[in-house]
**Student:** 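The structure is given below, and queries will be raised subsequently.
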Number of protein chains: 4
Amino acid sequence: MHGYIDNKYELLKRLPRAEGQVRGIHRMVEEEAYCIDVLTQVAAATKAVETVALSLLEDHLGHCVAEATRQGGAVADVKVKEASAAIARLVRS
Amino acid sequence: MHGYIDNKYELLKRLPRAEGQVRGIHRMVEEEAYCIDVLTQVAAATKAVETVALSLLEDHLGHCVAEATRQGGAVADVKVKEASAAIARLVRS
Amino acid sequence: MHGYIDNKYELLKRLPRAEGQVRGIHRMVEEEAYCIDVLTQVAAATKAVETVALSLLEDHLGHCVAEATRQGGAVADVKVKEASAAIARLVRS
Amino acid sequence: MHGYIDNKYELLKRLPRAEGQVRGIHRMVEEEAYCIDVLTQVAAATKAVETVALSLLEDHLGHCVAEATRQGGAVADVKVKEASAAIARLVRS
């Protein structure tokens with residue numbers, strides 16, 4: 001069972017909001033809104049997606065990684081390295 | 001006329017791809033995919049939205065801001081400050 | 001003459017602060033400070049360096065790029081593309 | 001004992017490189033280098049500082065947080081929340 005399952009319903013409520021914000025960019029480009037206003041919408045959409053990512057990550061650290069470190073050994077190392085690589089991708093994206 | 005209008009059709013083709021990637025996050029959470037795989041999808045969605053933003057910004061600098069700086073004076077200052085604030089929001093988001 | 005020259009003295013005052021914050025990370029690691037406190041210092045150092053970058057970029061848009069767009073033609077295109085590539089590197093770093 | 005102690009000497013070797021890159025920005029502004037070249041140096045400095053942060057974070061997850069989750073209970077929750085807040089600051093900076 002994955003870490004975010006406890007928060008699944010919260011995530012499934014938050015995701016349509018992020019999708020709505022990306023669709024908002026689309027509608028604004030279609031209606032030829034002012035560039036800077038579209039960019040403000042892009043920043044809002046990025047923030048919404050990022051919030052989902054940070055929530056997933058917290059659940060992952062608190063469940064999957066925590067479970068692995070309780071077992072210790074190679075499994076723990078693999079999970080910590082995997083989570084760190086995912087964090088690096090988020091920081092650099 | 002806004003800067004991105006020349007690229008409007010390219011943007012309108014690229015945006016559904018970004019929307020599809022955000023919907024992909026939703027589907028993966030619903031199907032209870034592994035957290036790290038969801039986070040990889042989140043990074044892809046963020047990159048897709050960012051690419052749209054950078055394309056909008058380039059068009060904005062090459063059209064609206066360029067037009068204002070050709071006029072010079074206060075209009076030019078306002079447009080440069082406005083674009084810089086939008087860039088700061090992107091860099092910090 | 002480059003765009004940031006008018007702000008050169010302000011930049012030269014702000015940069016030692018950014019350098020001081022990076023040296024602060026060093027000192028904290030040497031003194032074996034708590035990881036999370038070191039990371040807070042890292043975020044402060046990153047923000048200081050970013051603020052310098054955004055200030056440079058605003059001056060560049062308002063001077064070098066503005067000058068090129070006033071001349072128009074290929075020079076303007078080259079400068080807008082060059083600035084956009086620099087913005088992309090900042091957004092993705 | 002903090003998580004990064006095993007890597008302390010590696011970090012202390014990498015930090016002067018990050019400091020050198022921030023000093024490089026200073027020198028370039030002093031010598032009035034071209035804005036875009038200064039921004040390229042800023043991106044390199046940011047990346048160097050980020051690499052230090054990601055290395056600290058991996059050690060923190062593999063040691064301090066792992067130790068707390070092995071103990072379980074409230075301590076584990078606190079450490080996971082604290083690490084997640086630090087990750088959020090990095091992602092948003």
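Every chain is numbered from 1, with letters handed out A, B, ... down the list of sequences.
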**Student:** So with a 6.0 Å cut-off around CZ of D:R92, is the heavy-atom count from everything else above 12?
**Tutor:**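 Enclosed.
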**Student:** Tell me, out of D:L11, D:V29, D:V42, D:V49, who's got the most heavy-atom pairs with chain C below 4.5 Å.
**Tutor:**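 Highest number of heavy-atom pairs under 4.5 Å: D:V29.
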**Student:** Please tabulate, for the side chains in residues 77-91 of chain C, all donor-acceptor contacts under 3.5 angstrom to protein atoms that are two or more places apart in sequence or on a different chain.
**Tutor:**
unit_1 : atom_1 : unit_2 : atom_2 : d
C:K79  : NZ     : D:Y34  : OH     : 2.6
C:K81  : NZ     : B:E58  : OE2    : 3.0
C:E82  : OE1    : D:Y34  : OH     : 2.4
C:S84  : OG     : C:V80  : O      : 2.8
C:R89  : NH2    : D:T40  : OG1    : 3.3

**Student:** Heavy-atom distances under 4.5 Å only: say whether D:L12 touches chain C with side chain, backbone, both or neither.
**Tutor:**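 For D:L12, the contact with chain C is made by backbone and side chain together.
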**Student:** Between atom CD of C:E50 and atom OG1 of D:T46, what is the distance when rounded to the nearest 0.5 Å?
**Tutor:**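 That separation rounds to 6.5 Å.
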**Student:** Return the minimal non-hydrogen interatomic distance between C:A53 and D:L39, and the atom names on each side.
**Tutor:**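 Heavy-atom minimum between the residues: O-CD2, 3.5 Å.
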**Student:** So if I take each residue of residues 13-26 of chain C and look for any heavy atom under 4.5 Å from a heavy atom in chain D, which residues do I end up with?
**Tutor:**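 Near chain D, by residue number: C:L15, C:P16, C:A18, C:E19, C:V22, C:R23, C:I25, C:H26.
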**Student:** Roughly how far, to the nearest 0.5 Å, is CD of C:Q41 from CG of D:L56?
**Tutor:**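 These two atoms lie 11.5 Å from each other.
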